[in-house]
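Each remark here refers to the structure printed beneath this line.
Numbered from 1 within each chain, the chains take letters A, B, ... in sequence-line order. Only heavy atoms go into these numbers, but all of them, side chains included; no hydrogens, no water, no symmetry mates.
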Amino acid sequence: MAYGKDIKEILYGGDYNPEQWPQEVWEEDMRLMKKAHINIVTLNTFSWAALQPSEDRYCFENLDRIMDLVRKNGLKVCLATATGAHPAWMAKRHPDILRTDRNGIKRKFGGRHNSCPNSPSYRKYAAKLAGLLAKRYKGYENIVAWHVSNEFGGECYCENCEQAFRKWLQKRFGTIEELNRVFYTAFWGHTFYSWDEVVLPNLQSEHFLADGMERSMFQGITLEYRRFMSESMLECFQMEYQEIKKEMPDIPVTTNLMGFYKPLDYQKWAKQMDFVSWDSYPDPADTPAETALQHDLMRGIHKQESFVLMEQTPSVTNWQPYNRLKRPGEVRLLSYQAAAHGADAIQFFQIRQSVGACEKFHGAVIGHAGRDDTRVFRELEQLGRELGQLGDVFLEGHTPAEAAIFFDWDNWWALEDSAGPSIRMKYLDAVKDYYTAAFESNIPLDIIGMEDSFDSYKVIIAPLLYMTKTGIDERIRKFVGNGGIFVTTYFSGIVDGHDLVVQGGYPGRLRDILGIWVEENDALLEGEENSFVYKGTLYPARVLCDLMHLEHAKALSVYAKDFYQNMPVITKNQFGRGYAYYVGTRSDSGFYHKFLEDIFTEAKVAEAMATPKGVEAAIRVADDREVLFLMNHNEGSEWVVLNHDYSDLLNGKEYRKGDPVEVGAKGVFLFLKRNTK
Amino acid sequence: MAYGKDIKEILYGGDYNPEQWPQEVWEEDMRLMKKAHINIVTLNTFSWAALQPSEDRYCFENLDRIMDLVRKNGLKVCLATATGAHPAWMAKRHPDILRTDRNGIKRKFGGRHNSCPNSPSYRKYAAKLAGLLAKRYKGYENIVAWHVSNEFGGECYCENCEQAFRKWLQKRFGTIEELNRVFYTAFWGHTFYSWDEVVLPNLQSEHFLADGMERSMFQGITLEYRRFMSESMLECFQMEYQEIKKEMPDIPVTTNLMGFYKPLDYQKWAKQMDFVSWDSYPDPADTPAETALQHDLMRGIHKQESFVLMEQTPSVTNWQPYNRLKRPGEVRLLSYQAAAHGADAIQFFQIRQSVGACEKFHGAVIGHAGRDDTRVFRELEQLGRELGQLGDVFLEGHTPAEAAIFFDWDNWWALEDSAGPSIRMKYLDAVKDYYTAAFESNIPLDIIGMEDSFDSYKVIIAPLLYMTKTGIDERIRKFVGNGGIFVTTYFSGIVDGHDLVVQGGYPGRLRDILGIWVEENDALLEGEENSFVYKGTLYPARVLCDLMHLEHAKALSVYAKDFYQNMPVITKNQFGRGYAYYVGTRSDSGFYHKFLEDIFTEAKVAEAMATPKGVEAAIRVADDREVLFLMNHNEGSEWVVLNHDYSDLLNGKEYRKGDPVEVGAKGVFLFLKRNTK
Amino acid sequence: MAYGKDIKEILYGGDYNPEQWPQEVWEEDMRLMKKAHINIVTLNTFSWAALQPSEDRYCFENLDRIMDLVRKNGLKVCLATATGAHPAWMAKRHPDILRTDRNGIKRKFGGRHNSCPNSPSYRKYAAKLAGLLAKRYKGYENIVAWHVSNEFGGECYCENCEQAFRKWLQKRFGTIEELNRVFYTAFWGHTFYSWDEVVLPNLQSEHFLADGMERSMFQGITLEYRRFMSESMLECFQMEYQEIKKEMPDIPVTTNLMGFYKPLDYQKWAKQMDFVSWDSYPDPADTPAETALQHDLMRGIHKQESFVLMEQTPSVTNWQPYNRLKRPGEVRLLSYQAAAHGADAIQFFQIRQSVGACEKFHGAVIGHAGRDDTRVFRELEQLGRELGQLGDVFLEGHTPAEAAIFFDWDNWWALEDSAGPSIRMKYLDAVKDYYTAAFESNIPLDIIGMEDSFDSYKVIIAPLLYMTKTGIDERIRKFVGNGGIFVTTYFSGIVDGHDLVVQGGYPGRLRDILGIWVEENDALLEGEENSFVYKGTLYPARVLCDLMHLEHAKALSVYAKDFYQNMPVITKNQFGRGYAYYVGTRSDSGFYHKFLEDIFTEAKVAEAMATPKGVEAAIRVADDREVLFLMNHNEGSEWVVLNHDYSDLLNGKEYRKGDPVEVGAKGVFLFLKRNTK
C-alpha cells in the first residue's frame with residue numbers, strides 16, 4: 001500500500017536535513033526542490049540530540065520552523081522519529097543505552113545503530129519522543145507517513161540483553177528440559193540446570209572466528225539469539241509505533257529496511273509495519289537481477305503490496321571501496337526498475353549534501369556546489385517531470401506472478417551457521433541462481449515466506465531449503481498433491497525449526513514428496529567440479545554433490561564421474577497430481593535457464609515477452625491497467641519487438657504488436673497495454 | 001604398548017555418546033555395532049554436567065546403565081573422565097574456571113577446552129570426578145583403559161595463570177638475576193626487580209599481530225610461557241591420572257593427543273602417559289607422508305611403542321572449509337596406514353551421529369539415517385571383519401628404523417617465535433622435506449626427541465635445529481664420533497635452550513662437528529630463488545641461504561649466483577669415525593630424494609622395497625613376525641614386484657619373491673614375510 | 001645544522017648498548033670501533049629500568065663507567081634519556097603509565113612505545129630522569145647532542161588521554177558551539193552539550209574496521225585526535241628538552257624520527273627540535289627515489305638544514321617478513337645517498353648485536369661471531385675510512401632546489417580518513433608520482449610545509465591538496481601571481497582545515513587560481529582505466545577521474561572515453577604572471593616524466609646532469625663548494641659523461657667536462673666541482 005490509497009501521485013523526494021544548515025539556505029532548497037519536481041521530504045531522521053537537549057528538556061522550535069516551511073512549500077512529509085542515534089549526553093548519563101560488542105567490550109558514545117534494544121533508558125526515551133512528536137505534529141495534514149528510527153540493525157551482547165534473552169527463552173520453551181533438548185546440550189555436556197546459566201552466544205562464549213567468518217559451536221543457541229535480537233529490535237519499533245498510533249491512528253507507519261539484511265527477519269517485521277519502505281544501494285558489481293530480487297523480496301514480505309523506495313543515491317555512494325558515479329540515465333533506470341517491481345514512491349538519500357562527517361561525499365540532489373545545472377540535478381529534474389506525468393497509472397499495482405521462490409530468514413541463519421559441509425554453500429547464491437534465470441526470461445516471480453499462501457502459484461521453488469519448520473512439509477505436500485510443481489535443491493530437508501536433524505534419512509520431511517533418499521553430501525574443494533548431462537548438454541556440478549537413491553522418483557540426470565558416477569543428480573517425482581523436482585548440486589546459469597524453461601513450460605506459466613539479454617520487461621497491473629516497463633540495462637541500445645499493442649506513457653505514441661522499438665543505453669519505456677479484445 | 005599386553009586382538013570401535021539418545025536407541029546401537037565387528041567403545045567423554053549436576057550432587061545412574069549395557073554386549077571400554085568441558089553451573093558459580101583470552105578478555109561459559117588449567121575449582125572438581133569414577137567402575141573388567149579429559153589444548157591468560165607462571169619461573173630460575181639473564185631484559189630495559197612484576201606474554205603485553213601471526217617482542221618470555229602452559233595442562237592430566245591409579249593401578253591411562261599440535265610438548269606429556277593415543281584428521285590436501293609422519297611422531301614420543309588411533313572420521317569431517325567425503329576404500333587404507341606405523345587399535349569418532357550442535361555433520365558409523373546399508377557402514381563392516389581375522393599378528397610390533405629425525409617442541413616454538421630472518425621459514429616444512437623423501441623410498445624412520453637414545457641409528461637428521469639445548473651437541477658429537485651420520489640444515493645451532501644466541505659464530509655448538517662457519521643468512525623474497533648443482537643436477541635454493549665458510553668440512557655444492565656465488569651450500573665434514581652434513585638452504589623434493597639416497601647408501605641403511613610412486617611399503621615386526629603393509633594411495637591400481645616370499649594375511653594366498661601383485665586404487669595388502677632361510 | 005657548527009668531521013657510529021654485556025667485552029668493542037673508524041656512539045637508549053630501579057632510587061654507576069670508557073677512547077656521545085620504555089616496576093606501581101589500545105583494552109607491561117603520553121607518572125619521571133642525566137653528565141665535553149626517548153610513536157586511548165583531549169579541545173575551540181560546528185555534529189545528531197560528553201575516537205566509539213583499514217564515522221573528531229596525540233607526545237619531548245636545556249643550554253637536543261611516520265606531525269615537531277635525526281630502514285621493494293624522498297622530507301621539516309642519519313642497519317633488519325641482506329656496497333651507497341640529500345652524520349643501529357629478545361637477528365657492526373673479518377665489518381671499515389678522508393667538505397651544505405613539493409600531515413590524515421571516493425587514493429602515492437619523476441631526472445627538490453617560504457622556488461607541486469587550510473590559497477595566489485608555476489591534482493581544494501567541505505564548487509579556494517570547476521569525481525573500480533593523450537602520447541587515467549569544466553583555464557588534454565569523453569583532464573590557467581596546472585587523474589610514470597619535463601622547461605629550472613636510469617646525480621653546496629654525488633643503484637656498472645670539470649674527492653683524480661666515468665654496481669663517486677670560471 002506504500003503511502004496509502006489517498007496518494008494519487010508518485011511521491012518523489014528524499015531525506016532532507018535542514019538542521020545541518022543556516023536558515024538562509026532553506027529557501028534556496030525550496031526553490032531547488034520545486035525545480036526538481038520534488039513533492040515529499042523525509043525529515044527529522046537524526047535530530048534526537050537537538051529535540052531533547054537534556055533529561056527533561058525538549059526543544060521543538062527548530063523542527064516547528066522546518067515543518068512550517070515545507071508545508072508552506074507544498075511538500076508532503078515522511079516524518080522520522082529521530083531515534084536512529086541517541087544523544088551524547090544520554091550515553092554519558094545512562095550508559096545502559098550503549099551496546100556491547102561481540103567481544104564483550106562495552107561501547108562508548110559514537111556512530112549510529114548505537115542503542116541497545118533492551119536498554120530501559122532507550123526504550124523509555126525513544127517511545128516518549130515518538131509520542132511527543134506525534135502529539136505535536138498531528139495537525140500537519142501533509143504528513144503522509146511516520147518513519148520510525150532509521151535502518152534498524154546491528155546487535156548487542158550486554159547484560160540487559162542477556163537477562164532479556166533468558167526471559168525470552170523461558171517464555172518460548174517453558175521448561176529447562178525443553179531448552180536442553182532444542183539446544184542439544186547433551187553434546188559437550190552443556191546441560192543447563194537453571195535459566196540464569198544461559199549466556200549470550202558471542203566471541204566470549206560459543207562463537208569463534210574461522211575461515212573469515214564468525215562461527216558457532218552451538219547453532220541452536222545462535223539461532224535463538226538471532227531470533228531474539230531481531231525481535232528485540234522489532235519491539236523497539238513497535239513501542240514507537242504504538243505511541244504514534246495513539247495520536248495519528250490513520251497515518252501509516254514504516255521504517256526503512258535494507259533488502260537482504262541478514263540480522264533482521266523482515267518477514268516478521270513487515271507484519272508489524274503499515275507498509276514497507278527500503279533503501280536500495282546496489283554495488284557496481286550487482287546484476288539487474290540482484291537489484292530486482294531485493295525489490296521483489298521487499299514487496300513479498302508485505303503481502304506483495306507496493307512499497308516505498310525510501311533511499312537511493314542520486315549519483316554516488318561514499319562508503320563503498322570504489323564509489324563509482326552512476327552513469328547518465330542510470331538513476332532513472334534504477335528508479336523505474338524499482339517501480340516496475342512494486343515501488344510507488346521514489347526517494348533519495350539525500351536532498352542536500354552535508355559538508356562534514358562521514359557522508360559528506362555521498363551524492364545528493366543538491367551537491368556541494370549548490371547548483372541546479374549539474375548533470376545529476378538535470379537528470380533528477382527530468383525524472384521528476386516524468387513521474388509527475390505518469391500520475392497514478394501504476395500505483396498500488398501488483399505483479400502478476402504465477403511462480404514463487406521461498407525465502408526464509410531462519411533458513412538463512414541456520415544454513416550458514418551450520419558447521420559443514422562447505423563454507424561456499426550460501427543461501428543467497430542458491431536463491432539468485434533460480435531467480436536470475438526466471439528474471440532474465442522476464443518471468444515475474446513472487447518471493448514468499450513459509451507462511452504465505454501457495455494458492456496462486458503454479459510453481460514454487462525452494463532453493464536450499466535446509467530447514468523445514470513444523471508444517472511446511474504438509475503445506476508442500478498439499479500444494480504438490482493438488483497439481484503444483486515444487487523444486488528444491490541439494491542439502492534441503494535436513495533440520496527442523498530448532499536446527500535439529502530430522503532423522504531417518506535426508507531430505508527428511510520432504511523425502512516422500514521428492515521420492516528420494518540422499519545418503520551423503522560431498523563438498524567439492526575449491527576449483528573442483530563434477531558434471532552432468534541435462535537434455536543433451538553438459539553442465540557443471542559445483543560446491544556440493546548430493547549422493548542420492550531413487551525411491552519413487554525418476555532420475556533426469558546422473559553424475560558424470562567420480563565414485564558416484566551414474567548416481568542421480570536431478571530427479572522428478574510424481575506426487576499426487578503434481579511433481580516435485582530435486583536438483584542435487586549447484587550448476588551454472590546455462591543450466592538454470594534451461595531447467596526453469598522446462599519447468600515453466602510444464603506448469604503452463606504464461607509466456608513472457610522476449611527481449612535481448614540485458615533488456616528487462618516487467619509488468620505491473622493496477623486495476624485494469626497493465627503497464628509494461630521496458631528497461632535496457634546495457635551500455636548500448638537494443639531493439640525489442642513488441643508483443644502487444646501499447647501506448648507509450650511518457651510521450652503518448654501508439655505502437656502495434658510486432659513493432660520494433662529501439663531502447664537506448666540505460667533507456668526505459670513505459671507502455672500501457674491496449675485492450676485488444 | 002597401546003591397551004597393553006593382555007589385549008590379543010586389534011580393538012575396533014570409537015566414541016559412543018548414548019547420553020544423547022533415548023534408551024530405545026541403545027539396543028539398536030548394540031545390534032549395529034556387533035554387525036560392524038566393533039569391540040570397544042570410548043564412553044563418557046562429555047558427561048561432566050550430567051554426572052555432577054550441582055556442587056555437591058553426583059549422579060551416576062545413567063552411566064551405570066550404559067556401562068552395564070556395553071558389558072552385557074561384550075564390548076570393551078575406554079572410559080573417559082568427562083572433564084573435557086565443564087558444566088555451565090560451575091562456570092557461573094566458580095568463574096575462576098573460565099579462561100582469559102590472548103586479548104585479556106575473560107571468557108564466559110561456552111565451547112570446550114574451556115577450563116583454565118590453573119583454576120583451583122577446575123583442579124579440585126576434575127580430580128574429584130576422576131577419583132569417583134575410578135572408585136565406582138573399578139569392578140568392570142571390560143575397562144581396558146582410562147581416557148583423561150579430551151584433546152587437551154588451548155591456553156589461558158588469567159590472573160591465576162599469571163600467579164602460577166611467576167611461581168613456576170621462581171622455581172625454575174631461582175633468582176631474579178637469572179630470570180633477567182635468560183629473558184635478556186637488559187634489552188629495552190625490561191629488567192624485573194621482583195617476581196610479581198612479570199606479566200604473561202599476550203596481546204596486552206609482549207605480543208602483537210603482524211604478517212598474519214601473533215609475534216613476540218621477548219621470545220624468551222614467550223618460550224617460558226609455552227613451556228609453562230604445556231606443563232600446567234600436563235599437571236591437570238596427572239592429577240586425574242593419580243586419582244585413577246589409586247583405584248585401578250593396573251589399567252593404563254591415556255589422553256587423546258593431536259599429532260602436530262604446537263601448544264603442547266607431547267614429548268614431555270608422553271612420559272607421564274601409560275600409552276599414547278591420538279586423533280588423526282588429515283586434510284584432503286595432506287600427502288600420505290604427512291599422515292604417516294604424524295603416526296611416527298606419536299609412536300616416537302613413547303619409546304617407539306605402539307599406540308591407539310583414538311579418533312578418525314569414518315567418512316567426513318564437519319569443521320574443514322570443504323568437507324570432502326573419504327572415497328571408497330579410503331578409511332580402510334588410512335586405518336591400515338595407522339597400523340603400519342604403530343597403531344594397535346582403530347577407533348572412530350563417532351559411533352552414532354549427533355543430531356544437534358556443531359558436530360552434527362561429522363561422519364559416524366551410524367549416520368542420521370540410522371541404516372546399516374550405507375556405503376560407509378558397509379566399508380566399516382568389511383574392515384571390522386578383516387581386523388578380526390588378523391588377530392594379534394602385528395600387535396606390539398615395532399618399526400625397524402635405522403634412521404631417525406629429530407623433533408623438538410622447544411625448537412619449534414623458539415624458531416617460529418624468532419623475529420627474523422624469514423616468516424616463510426617453518427619447522428614442519430623442514431621436517432617434512434626430509435621425512436617425505438625417506439617415506440617415498442619406503443625407508444622406515446623414527447621420530448625421536450633430544451633425550452632419546454641415538455644408539456640404534458645409523459643416520460640422524462636434525463632439520464632446522466635452531467635451538468641446541470645443553471648437552472645435545474655433546475651427544476651428537478659422540479654419535480658422529482662413533483661413526484654415525486648426522487645431517488642438519490640452514491639456521492641451525494643458533495641459540496641455547498633459553499633462545500639466547502650462542503656466540504662466537506654460527507652454527508654455535510655444532511660448529512666443530514660440522515666444520516663450517518656460517519657468517520650470514522640471506523632471506524629470499526617471495527618468489528626469489530638461488531640454485532646449486534648437486535651430483536650433476538641443478539636444484540633450487542629457497543627461503544634462506546646460509547653464507548658459510550669451510551673450516552674442516554668439504555663443500556659438496558656451491559651457490560650458483562648472487563654475490564655469494566661459489567660459496568658452499570652443502571658441506572660434509574668427517575668428525576671422528578662419522579660424517580656431519582650441512583644443507584645450507586631449502587630445496588625441492590628432487591634434491592631431498594637424491595641427497596637422502598646418497599646418505600642412506602653411505603650409511604648402509606637396509607635397502608627398502610621398490611614401489612611405484614604413491615604406493616607405500618611399510619614394515620612392522622612383532623616377535624619374529626615381519627608384516628609388510630602394501631598400500632596404494634593413488635586413484636588407479638598399481639603393480640608391485642615382491643621382494644621376498646610372502647603370505648597374504650587376509651586371504652592366505654602365497655606369493656614368491658619376484659611375483660607381481662596388482663594393488664587396486666586405495667587398496668591394501670598385508671603380507672607376512674615367510675622365513676626363507 | 002645536525003650536530004652543529006663545531007663538528008668539522010662526518011660523525012660515524014651508532015647505537016651502543018654495553019649494558020647488555022659484561023665489562024670484559026667493552027674493551028674489545030673499543031678496539032673494534034676504532035678499527036672501523038667509528039667516532040660517535042649513541043648511549044643509554046633503553047636504560048630507564050637500570051638507572052631508576054625503584055621509586056626513589058637512581059643508580060648511575062654503570063653509566064658513569066660507560067661514559068668514562070668512551071670518553072677515554074675518544075668517542076663522541078649522543079646521549080639518550082632512556083625514556084623510550086618504562087621500567088616494569090613503574091607499570092606495576094603506577095598503572096596510569098600504561099596505554100589503552102584502540103579497542104579500549106588497557107595494556108599491561110611489555111614492549112616499548114609503552115608509556116601513555118598523558119600519564120602524570122610518565123611525565124613526572126621521564127622529565128626528572130632527563131634532568132638528572134643532564135646534571136650528572138654536563139661535564140662531559142664529548143657529548144655532542146642529547147637524544148630524547150626513542151622513536152616516539154603509537155597512540156593511547158585511556159581516560160587520562162580522554163580528559164586531556166577534552167581540555168585541549170576546549171582550549172582550541174573555546175565554545176561548545178564552535179566544537180559542534182567543526183565536528184559537524186548536526187550530522188547523526190552527535191551534538192555535544194558539554195565538553196565531558198566528548199569521547200576519544202577509537203573502535204569503541206567512532207571508528208570501525210573496513211576494507212582492511214580503521215575508518216572513522218566523524219573525520220573531524222579523528223583529525224583533532226590525531227593532532228592532539230601528536231602534540232601530546234611532542235609535549236613529552238619538550239618536557240625532557242627543557243630539563244636538559246636547564247643544564248646544558250648549548251648542546252643540541254633531538255629525537256630520532258621515522259620519515260613517513262603518519263601518527264606524528266613532524267613539521268610541528270621539528271620546530272621544537274634543535275636538529276632533525278632519523279632512522280632509515282628502506283624495504284627491499286623501495287625505489288631509490290622513495291628513500292631519497294624521505295631524506296628530503298626530513299631535511300625539509302627543519303628549514304632545509306642538514307640532519308643526522310641516526311639509524312640504519314649495517315646489513316639486515318630482523319622485523320621485515322623477509323630480511324634480505326644488504327648487498328655488497330649497498331650500505332655504502334645508502335650512506336652516501338643520505339649524505340647527498342642532507343645527512344651530516346652516518347650512524348647505525350647497532351654497534352654490537354644483542355643475543356636475546358626480538359632484535360637479536362638485526363644486523364650490527366659487530367655480529368654474533370664477534371669478528372672483524374666479516375663482509376659487513378670490512379665494508380663498514382672502508383666506509384669509515386672514506387668518511388674520515390672527506391673531512392667537512394659537504395658539512396652543512398644545502399640542496400640547490402628551484403622546485404618544491406608540498407607535504408602536509410593534516411592533509412595526509414584528512415584525505416585518508418575521508419569516506420570516499422576511493423580507498424586506493426593514497427597521499428604518498430601522489431607525492432611519489434611527482435617526486436620520482438623529478439628525482440629520476442636529477443632535478444633537486446625541496447619538500448616544504450604549508451607555512452614555509454615559497455620565495456626561492458620557480459615551481460611548487462601540491463599533489464592531492466585535499467585540505468586547504470586558512471591562508472594557503474592566498475599564499476599560492478601570490479606565488480602564482482608573481483610568476484610562479486603551481487601544479488596540483490585531482491581531489492584537491494575540497495575541504496578546509498577542519499575537514500569541512502568548502503562550498504560553492506570544487507576545487508574550492510583554489511578555483512580562481514586554477515580556472516576550473518570540478519563537478520564530479522569518478523572512482524574507478526579495481527582494474528578499470530580511462531586514458532588521455534598528452535603531447536601525442538596516450539597515458540592511462542587511474543584511481544580517480546575528476547569531471548571538470550573550464551572557467552578561465554585551457555585544456556591540455558581530455559578524457560578519451562566513457563561518458564566524460566572530451567572533458568578536460570589536464571588544464572593550465574594563467575593567473576597573474578604565473579601559471580596553475582591541474583592534473584585531474586592519476587597516471588603512470590611516463591606521463592609524470594614528460595609532464596614535469598615540460599613544467600621545468602617552462603619555469604626555466606636549471607638543467608640537471610644526464611645519467612642512465614638508476615644512476616643518481618645529486619648536488620650539495622657548502623659555502624662555495626659544490627659536491628656532486630654520483631650513485632649507481634643498479635646491479636651492473638654504468639657509464640656517465642661528466643658535465644663539468646671535477647676532482648674526485650676520494651682519490652684526488654681530476655676529470656674534465658665530457659669525460660666518461662664508469663660507475664660500478666652500487667658504486668659511488670664524490671666529485672668536487674672545479675671552478676672553471
Interchain contact, B:Leu544 with chain C, by part (heavy-atom threshold 4.5 Å): neither
Measure the spacing between CH2 of B:Trp188 and OG of C:Ser354 and express it to the nearest 0.5 Å. 10.0 Å
Counting C-beta onward and ignoring hydrogens, is there a side-chain heavy-atom pair between B:Glu197 and C:Phe109 closer than 4.5 Å? no
Pairwise distance CZ(C:Arg324) to CG(B:Asn521) - rounded to 0.5 angstrom: 14.5 Å
Interchain contact, B:Arg511 with chain C, by part (heavy-atom threshold 4.5 Å): side chain
Engaged part of C:His86 at the chain B interface, taking heavy atoms whose separation is under 4.5 Å: backbone
CD/B:Glu159: more than 12 non-hydrogen atoms of other groups inside 6.0 Å: no
With a 4.5 angstrom heavy-atom cut-off, which part of C:Pro53 approaches chain B: side chain, backbone, both or neither? both
Need one label for B:Arg215: side chain, backbone, both or neither, based on atoms under 4.5 Å from any heavy atom in chain C. neither
Rounded at 0.5 Å granularity, tell me how far NZ in C:Lys666 sits from CZ in B:Phe563. 11.5 Å
To the nearest 0.5 angstrom, please state how far the CG atom of C:Asp373 sits from the CD atom of B:Glu519. 7.0 Å
Select, from B:Ala419, B:Cys545, B:Gly420, the one with the greatest count of heavy-atom pairs under 4.5 Å involving chain C. B:Ala419
Are B:Ser194 and C:Trp89 side-chain neighbours, meaning at least one heavy-atom pair lies under 4.5 Å? no
Using a cut-off of under 4.5 Å on heavy-atom pairs, state which of B:Thr222, B:Val199, B:Val518 scores highest against chain C. B:Val199
Ignoring hydrogens and angles, tell me if any N or O in the side chain of C:Lys360 forms a donor-acceptor pair with the backbone of B:Leu500 under 3.5 Å. no
Under the side-chain contact (heavy atoms from CB on, under 4.5 Å) rule, what do B:Ile494 and C:His368 come out as? Steps first, then yes or no, please. CA-CA 10 Å; B:Ile494 306 290; C:His368 289 145; 5.8 Å; no
Heavy-atom cut-off 4.5 Å, strictly under: side chain, backbone, both or neither for B:Ser216 against chain C? backbone
Please state whether the side chain, the backbone, both or neither of C:Trp48 comes within less than 4.5 Å of a heavy atom of chain B. neither
Okay, B:Tyr506 and chain C: the region with an atom under 4.5 Å from a heavy atom over there is side chain
Examine whether an atom of B:Leu547 lies under 4.5 Å from a heavy atom of chain C, and if so say whether it belongs to the side chain, the backbone or both; otherwise answer neither. side chain
Identify the two heavy atoms, one from B:Gly189 and one from C:Ala49, that lie closest to each other, and give their separation to 0.1 Å. O-CB, 3.3 Å
Quick check: B:His190 with C:Phe46 (ring centres under 6.0 Å apart)? no
Heavy-atom distance under 4.5 Å to chain C: side chain of B:Asp522, backbone, both or neither? both
Within a reach of under 6.0 Å around NE2 of B:His552, are more than 12 heavy atoms found that belong to other residues, nucleotides or ligands? no
Under 4.5 Å to a heavy atom of chain C? For B:Gln503 that would be both
Which pair of non-hydrogen atoms, one from B:Ser422 and one from C:Asn323, has the smallest distance, and what is that distance? N-ND2, 4.4 Å
Okay, B:Glu528 and chain C: the region with an atom under 4.5 Å from a heavy atom over there is side chain
Does C:Asn318 reach the side chain of B:Pro421, with side-chain heavy atoms less than 4.5 Å apart? no
Among C:Gln353, C:Arg371, C:Glu19, which residue forms the greatest number of heavy-atom pairs with chain B at distances under 4.5 Å? C:Arg371
May I ask you to name which of B:Phe208, B:Phe183, B:Trp517, B:Phe192 has the most heavy-atom pairs under 4.5 Å with chain C? B:Trp517
Just so I understand: if I count every heavy-atom pair under 4.5 Å between each of C:Leu325, C:Thr374, C:Asn103 and chain B, which residue has the most? C:Leu325
Would you mind telling me which of B:His549, B:His207, B:Met217, B:Met425 has the largest number of heavy-atom pairs within less than 4.5 Å of chain C? B:Met217
Contacting region of B:Asp417 [heavy-atom separation from chain C under 4.5 Å]: neither
What do the steps show when you test B:Tyr184 against C:Gln20 for side chain to side chain donor-acceptor pair (under 3.5 Å), and what is the final call? CA-CA 8 Å; B:Tyr184 206 71; C:Gln20 293 178 17; 2.7 Å; yes
Using a strict threshold of under 4.0 Å (side-chain N to carboxylate O), is an ion pair present between C:Lys108 and B:Glu162? yes
Rounded to the nearest 0.5 Å, what separation is found between the CZ atom of C:Arg107 and the CD atom of B:Glu206? 8.5 Å
From the list B:Ala210, B:Ala186, B:Ser205, the residue making the most non-hydrogen contacts under 4.5 Å with chain C is B:Ser205
Which atoms of C:Glu635 approach chain B - backbone, side chain, both or neither, heavy atom under 4.5 Å: neither
What part of B:Ile105 gets closer than 4.5 Å to chain C, counting heavy atoms only: side chain, backbone, both or neither? side chain
Is chain C contacted by the side chain of B:Phe187, its backbone, both, or neither, given a heavy-atom distance below 4.5 Å? both
Basic-acidic side-chain contact under 4.0 Å: C:Arg375, B:Glu520: yes
Less than 4.5 Å apart, any side-chain heavy atom of B:Ile423 and any of C:Tyr322? yes
Hey, is NZ on C:Lys106 packed in by over 12 heavy atoms from elsewhere, all under 6.0 Å? yes
